[in-house]
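Below you'll find the structure, written out as structure tokens, and then a few comments.
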Amino acid sequence: MDPLDLPLTTDRLRLRTYRESDAETHLPIYSRDDVSRFLLEDPWTAEEARAQVAERMYRTGLETESRALALVIETADGLDSLAGSLVIGDIAIWLEAGSDEKAEIGWILDPAAGGHGFATEAAIAVLNVAFDHYGLHRVFAQMDARNTASAKLARRIGMREEAHLRKDWWSKGEWTDTLIFGMLASDRQTA
């Protein structure tokens, strides 16, 4: 398989691989309680940001040893509330253990960039790569059921809700529900 031609670009976004300086740009997003609330990890410290970014720098394609693609979401679209920042979040896709045909997708967006369709645009671009470049059969997303913004995004991009698992995950001192959304390559052809 040919390597993926990066960065990916859409009408308003640039999706690129991580670089060391992204620890600084992602810290203000991932250190927020309202962002980390539904994530598996606690809010990032500066040290945690450096460690996370160092790991993500090697996730450059599903065909690589990492079997993952982690992309920074940048926009040139001026948003006053973002104070000129171009980095508005990230999106990743990684192959399911033991499979070359199924992958999980996940996304994080700065709340200040919400409501402008950026997450939708980024997710559609990554799904297009998943199905058109990598030829995947299935892409799925799992999320805390209380994360209504992510659930709405999954529905908006054409993923189908496949399961609502009740109190199946112990997270931050409580049992939480999980929603699972999925999309097959064949769903795109009939949508």
(request) For the pair R50 and L27, evaluate side-chain contact (heavy atoms from CB on, under 4.5 Å) and give the outcome as yes or no after the intermediate values. (result) CA-CA 9 Å; R50 287 188 295 275; L27 182 59; over 6 Å; no
(message) Could you work out, with side chain to side chain contact (heavy atoms under 4.5 Å, CB included) as the rule, every residue matching A122, not counting sequence neighbours?
(response)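 Partners of A122 under the side chain to side chain contact (heavy atoms under 4.5 Å, CB included) test: L13, L15, I73, I91.
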(request) Could you walk me through whether E74 and V87 pass side-chain contact (heavy atoms from CB on, under 4.5 Å), step by step? (result) CA-CA 4 Å; E74 294 179 327; V87 173; 4.1 Å; yes
Closest approach of [X] and [Y], non-hydrogen atoms and distance?
| X | Y | result |
| --- | --- | --- |
| A113 | F118 | O-CD1, 3.5 Å |
| T75 | I88 | CG2-CG2, 3.8 Å |
| P43 | D33 | CG-OD1, 3.2 Å |
| H26 | W44 | CB-CZ3, 3.9 Å |
| S99 | E101 | OG-N, 3.0 Å |
| A70 | A92 | CA-CB, 4.0 Å |

Would the number of heavy atoms belonging to other residues, nucleotides or ligands and lying under 6.0 Å from [atom1] of [X] be above 12?
| X | atom1 | result |
| --- | --- | --- |
| E41 | CD | yes |
| D34 | CG | yes |
| E161 | CD | yes |

Kindly compute the distance separating [atom1] ([X]) from [atom2] ([Y]), expressed to the nearest 0.5 Å.
| X | Y | atom1 | atom2 | value |
| --- | --- | --- | --- | --- |
| Y30 | T25 | OH | OG1 | 10.5 Å |
| F181 | E162 | CZ | CD | 9.5 Å |
| D100 | H137 | CG | NE2 | 13.5 Å |
| L153 | T120 | CG | OG1 | 5.0 Å |
| R16 | D90 | CZ | CG | 10.5 Å |

State, with a plain yes or no, whether a side-chain heavy atom of [X] is found less than 4.5 Å away from one of [Y].
| X | Y | value |
| --- | --- | --- |
| Y18 | R59 | no |
| L39 | I108 | yes |
| E96 | F140 | yes |
| L184 | R138 | yes |
| L86 | R14 | no |
| W169 | D144 | no |
| K102 | L95 | no |

(request) Using atom types as modelled and distance alone, determine if a side-chain donor or acceptor of E121 lies under 3.5 Å from a backbone N or O of R12. (result)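 Confirmed, E121 side chain pairs with R12 backbone.
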(message) One pair to check against side-chain contact (heavy atoms from CB on, under 4.5 Å): D110 and R32. What are the steps and the verdict?
(response) CA-CA 9 Å; D110 185 333; R32 294 174 57 134; 4.0 Å; yes
If we ignore angles and hydrogens, is there a donor and acceptor under 3.5 Å between the side chains of [X] and [Y]?
| X | Y | value |
| --- | --- | --- |
| E63 | Y134 | yes |
| R188 | N128 | yes |
| S150 | W107 | yes |

When you group the ILVMFWY residues by side-chain heavy-atom contacts below 4.5 Å and let the links chain together, are [Y] and [X] in the same group?
| X | Y | result |
| --- | --- | --- |
| M183 | I180 | no |
| L8 | L136 | yes |
| I124 | L62 | yes |
| L71 | L4 | yes |
| L109 | V35 | no |

(request) Kindly state each residue pair satisfying side-chain hydrogen bond (donor to acceptor under 3.5 Å, both in side chains) with at least one member in residues 172-184, sequence neighbours excluded. (result)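 Applying side-chain hydrogen bond (donor to acceptor under 3.5 Å, both in side chains) to every pair that reaches into residues 172-184, excluding sequence neighbours, yields R146-E174, H164-D177, D168-T178.
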(request) Inspect the contact between D22 and R56 and indicate whether a charged nitrogen and a carboxylate oxygen are less than 4.0 angstrom apart. (result)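 No, this pair does not count.
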(request) Evaluate side-chain contact (heavy atoms from CB on, under 4.5 Å) for L6 paired with L69, printing each intermediate quantity in order. (result) CA-CA 11 Å; L6 293 170; L69 178 62; 4.1 Å; yes
